Amino acid sequence: MLPSTNIRQSPALRTLTTAHLTQTMTLLELDVLDLNQRVESELSSNPALEIREERRCPICKQTITNNRPCPRCSAPTSLSPDDPIVFVSHIDDFQERRSSYYEEFPEESTSRDKEDLPTFVLKQIAPDLQPQDQLIAAFILSNLNEDGLLEISIVEIARYHHVPISRVENILQLIQRTEPIGVGSPSPKEALLVQLEVLKETQQVPSKAEKAIREGLDLLSRHQFPDLARLLRVTVKEAQQIAHFISDNLNPFPGRAYWGDIHHGNEAPLSVYSQPDVVLSLLEGYQESPIVVEIVSPFAGLIQVNAEFRRLANRASPDNADQWKSYLERADLLVKCLQQRTHTIVRLMRHLTIIQRQFILKGDSYLLPSTRANLAEELGVHESTISRAVANKTVQLPSGQIIPLAKFFDRNLHVRTALKEIVLNETKPLTDSEIAALLKKRGYPIARRTVAKYRAIEGILPSNIRKNHTDG
DNA sequence: CTATGGCACGGATT
DNA sequence: AATCCGTGCCATAG
């Protein structure tokens, strides 16, 4: 607490220091989308802020005019696999690239040609519709966003085409049930529910899954299992299993259904996350490519205090000088906090990509256990800073998978994947003790009881119910 | 008797 | 201070 005696009368200074701390912290724990909202509202309410359109590539120092990310420009020089290329990109760059991915790799696993999502869907349903309804369907499909979600309301569609709402609803239901299932839903929640519904026809689904989606989607995506468990009145473990099931089998953004691991036809690791906060990728054409780290940031680096505004503020007449000044201070504060936020994340990610390169490239079993605490020590920041930086954020791996950043701090992921592998390769169902013994040989000395726990987390049934793996 | 899951405790992590 | 995690003990099911 600051001594109030020698603080200048202006309350602004006082709030500036404390506000700086609190705002830096709160901004740090927001994900891109929340931050985006926050920045936008600030931007519209504070005339001192402006967006600088031109940006400089942190590597080649040239002005970036188009949306091409810059790491490629510097690719030929200094390529050490252990030296990640880190840069900050605008959220729009990402959106842009996202849709271009979609066009570049329309589909490889199913018979889909170069057509885009709307055409793809329309072809499937057209035979079942009358010509008039085909028009409506086409209209609906043309209003999908990149995620395959509907951006306008049913009412609007009905009004536009002068047809009853129920008719639109029927068409929409048809659309939602075609591949990719859930397209045309107005929200991720709807999409998930439709998928669950369809899935229910062919296989068993956890009974509480629907409630989890309906009432606990928020908790679900934030991985707040204890809260979810309370909501569903089940144990935390069961809640985790339900969440596991949902993220394994359902996809809140149907338009992105074929992203990432195309090779696993059956269980594409789709995630409940949409917009990653960090995107990791590799340079094409290098077998030992450095990891390209792209920090997706709403406007950071772009947002600045309008210089003209600052000049005018200094010359403002005394009666409204305070107003000018407060705008200016708020703007400075925001800019500074944003910079600090990105700076922290950049440092964090650079470090992580160096330490966990193998994990990022090769997968779960290569994750080296580390804690936020010791990472904080290595970076010379406070633990809580790392905690906040990790909180609520997601990372897109080179494979296309989007995972929570917290997964980098999963202390036993590698053991669990070893366990999964053992069970996958077993010829007869092994008991927990036997598994424990095998794990011990691999250098994971854990108790039999713990094997049971891991099994539960991974959704592996107990040995007496597991059926034999008879390889065909 | 064997294999498993629930509960609860203590130490580590956040 | 709150939460997570690994483990031991014990009840239960087969």
Side-chain angles (χ1 to χ4, degrees), chain A residues 21-22 24-31 206-208 216 219-220 222-244 341 344-345 347-348 351-352 355-356 364 367-395 403-420 422-423 426-440 442-468:
Chain A
L21 288 174
T22 54
T24 308
M25 295 195 308
T26 46
L27 289 188
L28 189 55
E29 58 191 332
L30 296 179
D31 71 9
S207 55
K208 303 266 184 177
L219 302 174
L220 214 51
R222 286 170 198 278
H223 281 212
Q224 292 169 351
F225 300 128
D227 293 342
L228 184 65
R230 215 168 304 135
L231 176 73
L232 300 178
R233 304 229 191 91
V234 298
T235 65
V236 175
K237 200 172 59 192
E238 285 171 305
Q240 279 180 344
Q241 280 173 7
I242 292 170
H244 210 264
R341 177 185 183 275
T344 308
I345 298 179
R347 295 224 307 143
L348 171 69
H351 199 79
L352 274 182
I355 305 293
Q356 303 287 12
D364 291 358
L367 179 68
L368 305 174
S370 77
T371 66
R372 300 165 227 257
N374 61 41
L375 200 76
E377 198 185 344
E378 284 168 43
L379 288 178
V381 297
H382 196 277
E383 291 177 10
S384 70
T385 309
I386 299 289
S387 285
R388 289 181 196 285
V390 169
N392 305 322
K393 306 212 174 42
T394 56
V395 180
I403 61 168
L405 185 51
K407 189 166 174 177
F408 280 80
F409 300 94
D410 195 320
R411 273 171 280 166
N412 47 37
L413 185 69
H414 57 316
V415 188
R416 296 205 314 267
T417 39
L419 183 147
K420 268 200 289 195
I422 288 177
V423 175
E426 74 188 0
T427 46
K428 78 176 196 356
L430 299 170
T431 69
D432 286 355
S433 329
E434 289 167 326
I435 296 176
L438 285 174
L439 282 172
K440 192 170 199 165
R442 293 202 188 189
Y444 302 127
I446 57 168
R448 173 252 100 203
R449 187 66 188 79
T450 309
V451 173
K453 296 270 188 192
Y454 288 174
R455 259 199 7 259
I457 294 175
E458 297 297 340
I460 300 173
L461 293 170
S463 69
N464 48 359
I465 313 183
R466 235 152 49 215
K467 65 169 197 244
N468 286 347

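Quick caveat, the model's predicted, so the values are computed rather than measured. In the text below, chain A, chain B and the rest are named by the order of the sequence lines, each starting its count at 1. All values below were derived from every heavy atom in this structure, side-chain atoms included, with hydrogens, water molecules and symmetry-related copies excluded.
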- Which of B:dT13, C:dT7, B:dG5 is nearest the side chain of A:Thr371? It is B:dT13

- Query: So, is A:Arg372 close to the B:dT14 phosphate, meaning a side-chain N or O under 4.0 Å from OP1 or OP2?
  - Reply: yes

- In whole angstroms, how far is the C1' atom of C:dC4 from the CG atom of A:Asp410? 11 Å

- Message: For B:dT4 and A:Ser463 - does any side-chain N or O of the residue sit under 4.0 Å from the phosphate oxygens OP1/OP2?
- Response: yes

- Looking at every strand, decide which applies to A:Ile386 at a 4.0 Å heavy-atom threshold: base, sugar-phosphate, or nothing. nothing

- Message: Please check this pair: side chain of A:Arg466 against backbone of A:Leu430, looking for a donor-acceptor N/O pair closer than 3.5 Å.
- Response: yes

- Query: Within this structure, what is the CD-to-P distance between A:Glu377 and B:dT14, rounded to whole angstrom?
  - Reply: 13 Å

- Query: Which whole-number value in Å describes the distance from A:Ile457 CD1 to B:dG5 C1'?
  - Reply: 14 Å

- Item | Check against salt bridge (charged side-chain N to carboxylate O under 4.0 Å, His left out), A:Lys393 and A:Glu29 | CA-CA 8 Å; A:Lys393 306 212 174 42; A:Glu29 58 191 332; over 6 Å; no

- Task: Measure the distance from CG on A:Leu413 to C1' on C:dC5 and round it to the nearest whole Å.
- Result: 15 Å

Pairwise N/O distances under 3.5 Å, protein to nucleotides 8-14 of chain C:
residue, atom, partner, partner atom, Å
C:dG8, O6, A:Arg449, NE, 3.4

- Can you tell if the side chain of A:Glu383 reaches within under 4.5 Å of the side chain of A:Arg372, non-hydrogen atoms only? no

Taking distance alone, no hydrogens or angles, what donor-acceptor pairs closer than 3.5 Å link side-chain atoms of residues 409-416 of chain A to residues at least two apart or in another chain?
residue, atom, partner, partner atom, Å
A:Asp410, OD1, A:Asn412, N, 3.1
A:Asp410, OD1, A:Leu413, N, 3.3
A:Asp410, OD1, A:Arg416, NH1, 3.4
A:Asp410, OD2, A:Arg416, NH2, 3.4
A:Asn412, OD1, A:Arg416, NH1, 2.5
A:Asn412, ND2, A:Tyr454, OH, 3.3
A:Arg416, NE, A:Glu458, OE2, 2.7

- A:Ile460 CD1 to B:dA3 P: how many Å, rounded? 18 Å

- Message: Output the rounded distance in Å from CG (A:Leu375) to P (B:dT14).
- Response: 10 Å

- For A:Ser384, which contact category applies under a 4.0 Å heavy-atom criterion: base, sugar-phosphate, or nothing? nothing

- Please check if the side chain of A:Thr371 supplies one atom and the backbone of A:Asn374 the other of a donor-acceptor pair under 3.5 Å. yes

- Message: As a test of reading the structure: which of B:dA3, B:dT14, C:dG6 is closest to the side chain of A:Tyr454, going by heavy atoms?
- Response: C:dG6

- Message: Assess whether a salt bridge exists between A:Arg449 and A:Asp432, defined as any Lys/Arg side-chain N lying under 4.0 Å from an Asp/Glu carboxylate O.
- Response: no

- Rounded to whole angstroms, how far apart are CZ on A:Phe408 and P on B:dT14? 15 Å

- Task: Kindly point out which of B:dA3, B:dT14, B:dG5 is positioned nearest to the side chain of A:Glu383?
- Result: B:dT14

- Task: Looking at every strand, decide which applies to A:Arg388 at a 4.0 Å heavy-atom threshold: base, sugar-phosphate, or nothing.
- Result: nothing

- Item | Donor-acceptor pair, side chain of A:Arg448 and main chain of A:Ala436, under 3.5 angstrom | no

- Atom CZ of A:Arg411 and atom P of B:dT13: how far apart are they, to the nearest Å? 6 Å

